[in-house]
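Dropping a structure here in structure tokens format, bear with me for questions.
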Amino acid sequence: MEVEIVQTTVEILVALVVILTLGLLSVIFFEAYRRRHNHTHVEAPAIFEDPHSLKQIPCPSIFDPAEKYLSLIVPAFNEEHRLPVALEEMMNYLQQRAAKDKSFSFEVVIVDDGSADGTKRVAFEYVRKYNVDNVRVILLGRNHGKGEAIRKGMLHSRGELLLMLDADGATKITDLEKLENQILSVARKEFNSGDSAASDSTVKVADIPLAAFGSRAHLEEKALSTRKWYRNFLMKGFHLVVLLSAGPGIRDTQCGFKMFTRSSARKLFSNIRLRRWCFDVELVYLCKHFGIRVLEISVNWSEIPGSKVNPLSIPNMLWELVLMSIGYRTGMWRIRT
């Protein structure tokens, strides 16, 4: 009798495990299928507003020819207090560089990701101060996530080179020269490689598909010694899942300091579907798919109070990585070429 009870209990447990597993797989496939069109635009209008004239200026498209040398895309969600410090540093650097080099042109695109504080007001103060040709603001209306904010900014930028960077100023703006110089160095080699297309005098750096990722991997040993054990455990687990979903090659996928040539940005940001923290990993996956060379470059980085990433974000990030793997590997997420 006892044997029969144990056997029945085991059968019930096995059945529950099978049901739960099938249910989880069904949810994963359903959610991946639901997000298959997430690379289309969110409903926010692609319009810049000139605060002086209140004139509505249509946004340019990443598929248009470049009009500036450098675009800086800054996603901002409730950054009323940290944004002014970062913008002051950016504008001082950019103006000094423009004064030394008359051929240097730039724009800063601030994407307000549905902030509930005074972020919009702060952003428009800088548009008034530096004019709408140099500083522009895109309002998403409601919060969509950092990935969507950066994607929106990238798709409506005018630069030959496009840099995404966080509003907290954790990485010094001068470090963009490290990424820029590496891209220019590789591009020159492409120009001189003997390939008829690359050596054509009409080809610019914007036409060479390259990406440069800022990296904090050189700071990892110090970070491991100062972080709580459970945070190290979660991060190690996250890195393992990243390795399985996007493959090897990039040690730090999550640094928010990345530069792209215009041609690589066209391909990448017209395809990404993840709208929150894991869009960085999707960028790595897409770079490999398109054969875009990724340069990983060490940058200076400092912890800034007010981070919006916490241990509770890790499960959501893992969930998005699973969806990404299923979406691309089953063909549900089709890549536009």
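Just so you know, residue 1 is the first one in the sequence shown, and it goes up from there.
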- Task: Spell out, as yes or no, whether a donor-acceptor pair under 3.5 Å connects the side chain of His156 to the backbone of Pro60.
- Result: yes
- Passes side chain to side chain donor-acceptor pair (under 3.5 Å), Glu177 versus Tyr93? Steps please. CA-CA 11 Å; Glu177 293 181 19; Tyr93 166 80; 2.7 Å; yes
- Task: Report the C-alpha distance between Arg262 and Glu67 in whole Å, list the side-chain angles of each, state the deciding distance to 0.1 Å, and finish with yes or no for salt bridge (Lys or Arg N to Asp or Glu O under 4.0 Å).
- Result: CA-CA 11 Å; Arg262 194 168 186 81; Glu67 298 176 17; over 6 Å; no
- Short N-O contact, Glu80 and Lys120, less than 4.0 angstrom: no
- Task: Working to the nearest 0.5 Å, report the span between CG of Leu163 and CE of Met90.
- Result: 8.5 Å
- Task: Ignoring hydrogens and angles, tell me if any N or O in the side chain of Asn300 forms a donor-acceptor pair with the backbone of Lys172 under 3.5 Å.
- Result: no
- Taking only residues two or more places apart in sequence or in another chain, which ones pass side chain to side chain contact (heavy atoms under 4.5 Å, CB included) with Ala98? Phe104, Phe106
- Do other residues, nucleotides or ligands put more than 12 heavy atoms under 6.0 Å from Arg293 CZ? no
- Message: Go through it in stages, so that I can follow the logic: the residues are Ser115 and Asp112, the test is side chain to side chain donor-acceptor pair (under 3.5 Å), and I'd like the CA-CA distance, side-chain angles, deciding distance and then a yes or no.
- Response: CA-CA 6 Å; Ser115 299; Asp112 183 355; 2.6 Å; yes
- Leu70 side chain near Leu176 side chain, heavy-atom distance below 4.5 Å: yes
- Quick one: are Leu295 and Leu179 in side-chain contact, heavy atoms under 4.5 Å? no
- Query: Quick one: does Leu87's side chain get under 4.5 Å of Val108's, heavy atoms only?
  - Reply: yes
- Query: Thinking salt bridges, do Lys178 and Glu296 make one under a 4.0 Å N-O criterion?
  - Reply: no
- Message: For residues Val85 and Leu165: do they belong to one hydrophobic cluster (side chain heavy atoms under 4.5 Å, members Ile, Leu, Val, Met, Phe, Trp, Tyr)?
- Response: no
- Note: Thr119 and Ala76 closest approach over all heavy atoms is CG2-CB, 3.8 Å
- Is Ser298 reaching over with its side chain to a backbone N or O of Ser215, donor-acceptor style, under 3.5 angstrom? no
- Is the Tyr285 ring parallel, tilted or perpendicular to the Tyr328 ring (thresholds 30°, 60°)? parallel
- Query: Is Lys258 paired with Asp252 through a side-chain N to carboxylate O contact shorter than 4.0 Å?
  - Reply: no
- Of all residues at least two apart in sequence or in a different chain, which pass the salt bridge (charged side-chain N to carboxylate O under 4.0 Å, His left out) check with Glu160? none
- Message: Run Arg136 and Asn131 through side chain to side chain donor-acceptor pair (under 3.5 Å) and show every step you take.
- Response: CA-CA 8 Å; Arg136 296 182 163 188; Asn131 78 60; over 6 Å; no
- Message: Within the 4.5 Å heavy-atom criterion, are Ile62 and Phe260 side-chain neighbours or not?
- Response: no
- Query: Would a 4.5 Å heavy-atom cut-off, applied to side chains only, mark Phe269 and Ile272 as touching?
  - Reply: yes
- Message: Applying salt bridge (Lys or Arg N to Asp or Glu O under 4.0 Å) to Asp113 and Arg275, what does each step give before you reach the verdict?
- Response: CA-CA 11 Å; Asp113 189 21; Arg275 293 179 173 175; over 6 Å; no
- Query: Under a 4.5 Å cut-off applied to non-hydrogen side-chain atoms, are Phe63 and Ser270 in contact?
  - Reply: yes
- Please answer whether the main-chain N or O of Ser71 pairs with a side-chain N or O of Ser157 as donor and acceptor at a distance below 3.5 Å. no
- Item | Side-chain donor or acceptor of Arg273 paired with backbone N/O of Asn271 under 3.5 Å | yes
- Query: Does the separation of the ring centres of Phe257 and Phe213 fall below 6.0 angstrom?
  - Reply: no
- Carboxylate-amine/guanidinium proximity below 4.0 Å for Arg158 and Glu107: yes
- Just by modelled atom types, is the Tyr69 backbone N or O under 3.5 Å from a matching donor or acceptor in the Ser105 side chain? yes
- Item | Spacing of NZ belonging to Lys152 relative to CD1 belonging to Ile138, to within rounding of 0.5 Å | 7.0 Å
- Task: Check whether any side-chain heavy atom of Phe77 lies under 4.5 Å from a side-chain heavy atom of His144, and answer yes or no.
- Result: no
- Nearest 0.5 Å, what's the CD-CD distance between Glu320 and Glu282? 9.0 Å
- Test item: side-chain donor near acceptor, Asn92 and Arg97, under 3.5 Å: no
- Query: Would you call Thr261 and Leu161 a side-chain contact if the rule is heavy atoms closer than 4.5 Å?
  - Reply: yes
- What do the steps show when you test Glu125 against Arg121 for salt bridge (Lys or Arg N to Asp or Glu O under 4.0 Å), and what is the final call? CA-CA 6 Å; Glu125 285 176 1; Arg121 173 184 54 78; 3.1 Å; yes
- Task: List the steps, then state whether salt bridge (Lys or Arg N to Asp or Glu O under 4.0 Å) holds for Asp166 with Arg82.
- Result: CA-CA 10 Å; Asp166 293 336; Arg82 299 195 297 182; over 6 Å; no
